[in-house]
Amino acid sequence: MSLYEQIKQKIYQRLEESLIKAQEAGELSFKEIPDFVLEEPRERQHGDLATNLAMTLTKQAKKAPRDIANILIANLNTNGTWITSCEIAGPGFINFRLNPLWLIEVIPEVIRQKEGYGAVNIGKGEKVQVEFVSANPTGLLHMGNARGAALGDSLATLLSMAGYEVSREFYINDAGNQIYNFALSLEARYLQQLGFDVPFPEAGYHGEDLIATVKRIIDKDGDKYVSMEEDVRRDYLVRFALEEKITGIRETLEKFGVFYDVWFSEQSLHSSGYVQETINELENKGYIYEKEGALWFKSTLFGDEKDEVIVRKNGIPTYFAADIAYHRHKFARGFKRVINIWGADHHGHVARMKGAMQALGNNPDNLQVILMQLVRLIQDGEIVRMSKRSGQYITLDELIDEVGKDAARFFFIQRDPDSTVEFDLDLAKSESADNPVYYVQYAHARLCSIMRQAKEMGYELSVEPSPEQLELLTSQEERDLLKKMADFPGEIALAAKMAEPHRIARYALDFASLFHSFYNSHRVLVDNAQLRTARLGLIISIRQVLANAMRILGVSAPEKM
RNA sequence: GCGCUCGUAGCUCAGGGGAUAGAGUGACGGUUUCCGAGGCCGGAGGUCGCAGGUUCAAAUCCUGCCGGGCGCACCA
């Protein structure tokens with residue numbers, strides 16, 4: 001538990017004791033201790049911590065909140081809590097002021113824990129899987145995938161900082177109808193490139209990348225597939241193209257800073273019989289019925305709007321069947337918690353997938369689906385409609401080349417997944433320096449610059465400041481920074497609990513802002529050796545915490561820019 | 001039509017039932033003999049979509065309405 005959490009918990013406990021003491025003395029009557037908060041007030045003048053306890057008791061105690069507050073304060077034991085004063089304010093808040101010296105302990109803490117500072121153990125080593133992007137391997141990655149990649153990867157890092165054992169997984173949709181369509185498109189392109197006049201399939205994939213792929217096949221094998229059986233030809237073309245595509249996807253994601261632990265093939269679920277086995281399992285449990293020649297899953301039993309086809313009339317299982325098998329497989333692999341990042345256009349699947357998990361005997365709450373609104377791309381002041389079929393989309397590769405990995409990742413991670421974001425491409429290209437990521441990176445580079453100069457001036461950076469020296473950090477700017485650093489573990493715990501990495505982006509911005517303010521009003525490399533040592537300890541700690549936050553966001557922490 | 005979701009400053013977006021709703025950006029004014037001015041400081045800018053309800057207290061929770069996005073296939 002972080003220092004800050006320990007202090008807060010102590011005060012919580014003392015408040016409850018005060019309540020009980022007041023009741024025993026007959027000063028206050030209540031049945032149960034209400035839920036109350038102890039938090040940092042927004043306004044600094046309201047002290048370091050404030051509680052609404054008195055206000056939550058008004059009904060039970062039948063007294064005015066300010067009177068209750070008085071009684072509570074009178075019965076409060078503040079020994080060993082760092083509290084220096086309590087006052088009643090506003091409608092009945094109790095505001096506490098703390099001895100600022102508690103904050104200096106954070107610097108040795110950061111210096112000792114280094115990149116581990118901020119880590120908490122709410123996960124207790126539990127196995128969690130985050131599945132994200134899982135784009136169809138029939139095309140290139142686009143803006144929506146970019147958002148999913150940034151979000152999923154940061155969430156995974158965040159969860160591991162919070163004590164979970166995290167696995168990143170990419171589900172490869174290498175089976176089904178779309179692959180069949182893909183094969184037909186490849187075949188048409190192949191034959192067209194060799195000069196045959198064949199039509200391109202109506203529902204085919206129009207992307208230019210297919211033509212490039214086909215050209216490579218021709219470079220390698222020439223026209224030898226022209227004379228072959230259709231099935232053999234398509235099978236070869238698809239296998240070649242898929243391998244190429246998946247490799248490309250992997251390389252692009254790695255360029256974006258995203259590395260997966262597992263690449264899971266949908267086809268493997270079909271080949272191994274796991275899909276069929278899963279369907280049998282559901283059938284044995286009585287959740288399957290036949291209608292109009294197809295097999296249906298009774299998803300309405302689990303709150304879905306309608307039942308879903310699981311095996312088509314033609315005997316081929318649907319995508320849904322494979323997906324159920326896939327998620328069953330995840331839990332069978334021992335994951336206690338499974339998180340999926342899906343585009344908002346898939347929200348209709350959430351209820352039925354959870355239902356399917358419940359039908360198979362898993363707790364549906366252990367499957368968490370994070371829906372991400374789609375990215376609206378603006379170019380020349382107009383919305384660009386993205387479609388894979390039409391081949392009109394901005395690829396992740398282009399985004400990385402033109403906007404930059406760090407700027408793009410920060411842009412996506414800053415926003416709540418629920419908000420539809422507008423991405424103005426022209427703005428991002430021409431003025432990418434506007435992206436707030438540079439603000440944070442600049443702070444980091446500046447901190448490194450101070451450290452470089454300190455070194456040049458012959459100051460030792462590895463000396464841990466003494467408590468006496470740290471007590472010299474008394475300015476408002478310094479205290480704000482110390483406080484923010486002390487908050488970091490709590491922020492990680494909260495962000496992990498809520499699965500909201502965008503909180504860390506907010507934290508990094510706020511923290512960088514506090515540093516810039518400090519920098520503009522105080523010098524670090526002063527002549528006074530005591531103060532200088534303390535401030536060096538401070539900036540070493542700030543740099544560390546900032547770097548730790550940036551690592552969660554997946555953006556680099558440059559020493560110079 | 002039904003379901004999910006969003007509506008907060010000119011624009012892009014934060015906001016854990018709490019006190020005077022914030023940040024970035026844009027426009028405006030100030031700031032460099034001194035560790036990185038890609039910075040800092042300042043004022044201006046708001047019916048938190050609308051209307052009810054719950055509560056000591058609502059941008060936040062509930063209901064209805066309005067507006068945008070998405071979904072409602074034997075596609076994935």
Side-chain angles (χ1 to χ4, degrees), chain A residues 35-37 39 41-43 45-46 50-52 54-59 64-65 89-93 95 134 136 138 173 175-179 181 203 266 291-296 304-306 308-320 322-323 343-351 371 373-374 376 388 411 414-424 427 431 433-436 438-439 441-443 445-454 456-457 494 497-498 500 502-503 505-506 509-510 512-513 515-526 532 535 539 560-561:
Chain A
D35 281 339
F36 65 99
V37 295
E39 60 187 1
R42 200 173 28 188
E43 298 293 325
Q45 56 181 0
H46 294 136
T51 182
N52 63 349
M55 290 181 290
T56 60
L57 277 167
T58 47
K59 213 155 225 181
F93 289 99
N95 295 339
S134 298
N136 287 335
T138 52
N173 300 124
N177 262 337
Q178 53 163 4
I179 292 299
N181 268 334
E266 177 188 351
K291 192 180 89 182
E292 295 163 7
L295 289 187
W296 298 69
D304 200 8
E305 290 165 33
K306 58 182 202 53
E308 281 299 308
V309 170
I310 203 166
V311 179
R312 300 186 186 92
K313 196 165 22 181
N314 63 12
I316 298 172
T318 59
Y319 167 87
F320 182 48
D323 223 17
D345 53 339
H346 285 67
H347 71 246
H349 305 272
V350 177
L371 291 174
Q373 295 298 319
L374 303 183
R376 209 177 314 170
K388 199 164 275 189
F411 176 86
Q414 242 185 309
R415 283 143 170 94
D416 185 289
D418 269 341
S419 67
T420 44
V421 304
E422 283 193 1
F423 196 99
D424 189 320
L427 198 74
E431 304 171 58
D434 281 348
N435 191 303
Y438 296 101
Y439 184 81
Q441 290 182 320
Y442 184 64
R446 214 177 208 185
L447 285 154
C448 291
S449 171
I450 300 170
M451 288 162 67
R452 274 195 302 272
Q453 282 190 47
E456 279 168 25
M457 294 165 83
L494 181 63
K497 210 171 104 195
M498 317 258 301
E500 293 181 344
H502 73 270
R503 289 169 176 279
R506 175 68 36 184
L509 282 170
D510 291 345
S513 168
F515 164 67
H516 285 308
S517 294
F518 160 78
Y519 179 88
N520 279 280
S521 48
H522 304 282
R523 273 184 71 78
V524 174
L525 305 176
V526 290
R532 185 180 63 231
R535 286 196 173 150
I539 65 130
K560 290 178 180 175
M561 17 186 328

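Here is how names work: the chains are called A, B, and so on, in the same order as the sequence lines, proteins then strands, and each is numbered from 1.
Considering every non-hydrogen atom in both A:K313 and A:A294, the closest pair reads N-CB, 4.0 Å. The heavy-atom pair separating A:V524 from A:R532 by the smallest distance is O-CG, 3.6 Å. Annotation for A:G92 and A:A54: closest pair O-CB, 3.6 Å, computed over non-hydrogen atoms. Between A:Y439 and A:S513, the shortest heavy-atom contact is OH-CA, 3.0 Å.
A:F518 places a side-chain heavy atom less than 4.5 Å from the side chain of A:I539. Side-chain contact between A:P436 and A:Y438 is absent, with no heavy atoms from C-beta onward closer than 4.5 Å. Counting heavy atoms from C-beta outward, A:Y519 and A:R446 have side chains that approach closer than 4.5 Å. Within the 4.5 Å cutoff, the side chain of A:T420 has no heavy atoms near those of the A:L374 side chain. Side-chain contact between A:R415 and A:Q373 is absent, with no heavy atoms from C-beta onward closer than 4.5 Å. A:I450 is listed as a side-chain neighbour of A:L525, based on a closest heavy-atom distance under 4.5 Å. Contact of the A:H349 side chain with the A:D323 side chain is not registered, since no non-hydrogen atoms from C-beta on lie closer than 4.5 Å.
Applying the ring pair (Phe, Tyr, Trp, His ring centres under 6.0 Å) criterion to A:F423, with sequence neighbours excluded, gives A:F411, A:F412.
The side chain of A:R506 sits closest to B:A23 out of B:A23, B:G16, B:U20. Closest to the A:R415 side chain, of the nucleotides B:U12, B:G18, B:C35, is B:U12. Checking B:C74, B:C34, B:G36 against the side-chain heavy atoms of A:W296 singles out B:C74 as nearest. Residue A:A50 has its side chain nearest to B:A19 when only B:A19, B:C56, B:A76 are considered. The side chain of A:E266 sits closest to B:A76 out of B:A76, B:U12, B:A23. In this structure, of B:A19, B:G39, B:C56, it is B:G39 that holds the atom nearest to the side chain of A:H516. With B:A76, B:A21, B:G71 as the candidates, the nucleotide lying closest to the side chain of A:D345 is B:G71. Proximity note for A:R446 (side chain, C-beta onward) versus B:G36, B:A76, B:G15: the nearest is B:G36. Closest to the side chain of A:Y319, from the set B:A76, B:G36, B:G18, is B:A76. Listed nucleotides: B:G36, B:C34, B:A76. Nearest to the side chain of A:Q453: B:G36.
Separating the CE atom of A:M561 from the P atom of B:G36 is a distance of 14 Å, rounded to the nearest angstrom. Straight-line distance from the CD1 atom of A:I450 to the P atom of B:C34: 15 Å, rounded to whole Å. Distance, A:L57 CG to B:G18 P: 17 Å, rounded to whole Å. Rounded to an integer number of Å, the gap from OH of A:Y519 to P of B:C41 is 14 Å. When rounded to the nearest whole Å, the span between CG of A:N520 and P of B:G42 equals 12 Å. Nucleotide B:G1 holds its C1' atom 12 Å from the CD atom of A:E305, rounded to whole Å. Note: CG (A:L509) to P (B:C13) measures 15 Å, nearest angstrom. Rounded to an integer number of Å, the gap from CE of A:M451 to P of B:G36 is 13 Å.
Aromatic stacking is marked for A:H46 over B:A19, as both cut-offs hold: 5.5 Å for the centres and 30° for the planes. Remark: ring of A:Y438 does not overlap the six-membered base ring of B:G38 in a stacked fashion, as centroids less than 5.5 Å apart with planes less than 30° apart are not both met.
Checked by distance alone, A:H347 brings a side-chain donor or acceptor within 3.5 Å of a matching partner on the base of B:G3. Within 3.5 Å, a donor on the side chain of A:Q45 pairs with an acceptor on the base of B:U20, or the reverse. Counting atom types as modelled, A:N95 pairs a side-chain N or O with a base atom of B:A19 as donor and acceptor under 3.5 Å.
Contact annotation: A:K306 does not reach the phosphate of B:C72 (side-chain N/O to OP1 or OP2, under 4.0 Å). A:R535 has no side-chain polar atom (N or O) that falls below the 4.0 Å cut-off from OP1 or OP2 of B:C35. Within the structure, every side-chain polar atom (N or O) of A:H522 is placed at least 4.0 Å from both OP1 and OP2 of B:C34. For the pair A:R503 and B:G16, the criterion of a side-chain N or O lying under 4.0 Å from OP1 or OP2 is met. The phosphate of B:C40 has OP1 or OP2 within less than 4.0 Å of a side-chain N or O from A:Y439. In this structure, A:T58 does not reach the B:C56 phosphate: none of its side-chain N or O atoms is under 4.0 Å from OP1 or OP2. Between B:C41 and A:S517, a contact under 4.0 Å exists linking OP1 or OP2 to a side-chain N or O.
Within 4.0 Å of A:S513, counting heavy atoms only, lies no atom of the nucleic acid at all. Within 4.0 Å of A:L494, counting heavy atoms only, lies at least one base atom of the nucleic acid. Here A:A294 lies in heavy-atom contact (under 4.0 Å) with a base. A:D416 comes within 4.0 angstrom of the backbone, heavy atoms only, and of no base. Counting non-hydrogen atoms under 4.0 angstrom, A:H502 reaches the backbone sugars and phosphates but no base.
Along RNA chain B, the nucleotide nearest to A:F411 and the one nearest to A:F518 differ in position, and the one closer to the 5' end is contacted by A:F411. Between A:A89 and A:V421, it is A:V421 whose nearest contact on RNA chain B lies nearer the 5' terminus.
Comparing the same atom, P, in B:G3 and in B:A73 gives a spacing of 16 Å after rounding to whole Å. Taking the P atoms as reference points, B:G10 lies 12 Å from B:C48, given to the whole Å. To the nearest whole angstrom, the two C1' atoms, one in B:A59 and one in B:G7, are 11 Å apart. Nucleotides B:G15 and B:G22 have their C1' atoms positioned 7 Å apart, rounded to a whole Å. Distance check on atom C1': B:A9 versus B:U47 gives 13 Å, rounded to whole Å. The same atom, C1', is picked in B:U8 and in B:C13; the two are 9 Å apart, to the nearest Å. With C1' as the reference atom, B:C50 and B:G68 are 16 Å apart, rounded to whole Å. Taking atom P on both nucleotides, B:U54 is separated from B:C72 by 39 Å, rounded to a whole Å.
Side-chain atoms of A:Q178 and A:N173 include no donor-acceptor pair closer than 3.5 Å.
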Exercise. Dot-bracket for RNA chain B, 5' to 3', counting Watson-Crick or G-U wobble pairs under 3.5 Å, with [ ] for crossing pairs and | for inter-strand pairs?
Worked result: (((((((..((((....[...))))..((((.......))))......(((((..]....))))))))))))....

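For A:K291, the NZ atom counts as densely surrounded, since its 6.0 Å shell holds more than 12 non-hydrogen atoms of other residues, nucleotides or ligands.
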Using nucleotides 6-11 of chain B, report all nitrogen or oxygen pairs with the protein that are shorter than 3.5 Å.
unit_1: B:C6; atom_1: OP1; unit_2: A:D418; atom_2: OD2; d: 3.4

